[in-house]
Amino acid sequence: GAVVSQHPSWVICKSGTSVKIECRSLDFQATTMFWYRQFPKQSLMLMATSNEGSKATYEQGVEKDKFLINHASLTLSTLTVTSAHPEDSSFYICSARERRGNTGELFFGEGSRLTVL
Amino acid sequence: DAKTTQPPSMDCAEGRAANLPCNHSTISGNEYVYWYRQIHSQGPQYIIHGLKNNETNEMASLIITEDRKSSTLILPHATLRDTAVYYCIVSSSSGYALNFGKGTSLLVTP
């Protein structure tokens with residue numbers, strides 16, 4: 001199946017700093033990518049939908065100024081956690097579907113574990 | 001998207017078939033049933049999906065009842081590496097993101 005790659009797979013940062021996480025579709029073009037967050041022992045929660053060439057759509061309760069999403073190309077979306085705090089420590093996962101309206105599978109990255117000290 | 005109900009946990013002996021049930025009684029006509037699994041500290045892995053016919057691939061079989069109100073994921077010969085949380089998700093054909101519930105934590109034992 002198609003491959004979605006995330007980088008970095010884990011990152012530790014100090015409180016107040018910003019962290020960027022990259023999500024790449026390696027062998028297909030993704031007009032839409034999705035960002036999820038997962039806290040320990042909980043399920044994945046959708047944060048935002050990233051559309052190539054346009055602004056991201058955020059789920060209710062997700063601060064768009066804190067979680068900056070950029071989808072500048074058909075194979076790359078980035079999530080920047082700005083002014084990170086310990087409560088932002090989580091497992092961040094991106095996903096992509098190959099074509100708009102495709103009802104096939106959604107491919108997921110390996111996840112990026114963020115720890116804010 | 002319709003809501004799904006899954007048992008929180010299940011055990012299965014290695015080599016036996018693992019049958020994971022999912023209830024989606026409010027599913028509508030254009031909604032698909034997707035199954036994913038998540039091994040600890042990894043991203044979810046796609047398993048299979050279907051609309052109304054039963055489906056089979058190299059990983060599993062998906063049995064959907066005639067009224068589409070429930071389905072069963074079958075891992076024919078479970079191995080220890082199948083230990084994971086299994087998510088049953090219902091989503092419409094026009095939807096893009098998948099909304100995850102709590103899933104079923106499957107433990108495959110030797």
Side-chain angles (χ1 to χ4, degrees), chain A residues 1-7 9-10 21 23-25 30-52 56-60 62 71 77 90-115, chain B residues 1-9 22 27-53 55-60 62 64 73 84-107:
Chain A
V3 177
V4 174
S5 179
Q6 282 184 242
H7 178 81
S9 55
W10 59 269
I21 300 170
C23 177
R24 294 180 185 274
S25 56
T31 54
T32 304
M33 291 183 173
F34 308 97
W35 286 95
Y36 292 82
R37 179 169 54 181
Q38 185 175 33
F39 293 109
K41 299 189 184 301
Q42 295 187 22
S43 187
L44 285 77
M45 292 176 52
L46 180 66
M47 296 176 66
T49 300
S50 167
N51 300 295
E52 187 268 335
T57 304
Y58 291 82
E59 296 299 300
Q60 190 173 11
V62 178
H71 193 160
S77 176
S90 188
F91 193 48
Y92 292 88
I93 308 168
C94 72
S95 65
R97 183 174 275 127
E98 188 167 0
R99 295 189 305 276
R100 187 183 300 278
N102 184 357
T103 56
E105 59 266 40
L106 197 60
F107 299 102
F108 286 82
E110 316 95 320
S112 299
R113 186 165 300 282
L114 171 63
T115 301
Chain B
D1 295 337
K3 182 180 176 180
T4 62
T5 303
Q6 298 178 254
S9 63
C22 180
I27 192 170
S28 60
N30 66 343
E31 289 184 315
Y32 288 74
V33 180
Y34 293 84
W35 282 85
Y36 283 77
R37 73 180 183 184
Q38 186 179 26
I39 296 170
H40 183 62
S41 293
Q42 297 182 22
Q45 177 189 22
Y46 168 81
I47 301 174
I48 200 167
H49 78 287
L51 183 62
K52 48 184 169 182
N53 296 325
E55 302 287 345
T56 295
N57 62 21
E58 63 278 5
M59 288 183 68
L62 173 60
I64 303 174
L73 178 74
V85 178
Y86 287 76
Y87 296 97
C88 168
I89 304 165
V90 170
S91 183
S92 69
S93 59
S94 60
Y96 297 123
L98 297 178
N99 294 307
F100 287 75
K102 296 182 178 180
T104 296
S105 178
L106 175 68
L107 175 64

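Just so you know, these numbers use all the heavy atoms, side chains as well, and skip hydrogens, waters and symmetry mates.
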Task: cation_pi(Arg113(A), Phe91(A)) dist<6.0 Å, angle<=45 - done: yes
Open item on the list: Test ring-ring contact (aromatic ring centres under 6.0 Å, His included) on Tyr36(A) and Tyr36(B); report intermediate values, then the result.
Closed with: CA-CA 15 Å; Tyr36(A) 292 82; Tyr36(B) 283 77; 9.6 Å; no
- [ ] Counting only heavy atoms closer than 4.5 Å, note whether Gln6(A) contacts chain B via side chain, backbone, both or neither.
- [x] neither
TODO: With side chain to side chain contact (heavy atoms under 4.5 Å, CB included) as the test, would you mind laying out the steps for Trp35(A) and Cys23(A) before giving the verdict?
DONE: CA-CA 9 Å; Trp35(A) 286 95; Cys23(A) 177; 3.6 Å; yes
Open item on the list: Less than 4.5 Å to any heavy atom of chain A: does that hold for the side chain of Gln45(B), its backbone, both, or neither?
Closed with: neither
Task: Region of Ser41(B) in contact with chain A, defined by heavy-atom distances below 4.5 Å - done: both
Open item on the list: Quick check on Leu44(A) against chain B: is it the side chain, the backbone, both or neither that has a heavy atom closer than 4.5 Å?
Closed with: both
Task: Trace of the side chain to side chain contact (heavy atoms under 4.5 Å, CB included) decision for Tyr46(B) with Met59(B) - done: CA-CA 10 Å; Tyr46(B) 168 81; Met59(B) 288 183 68; over 6 Å; no
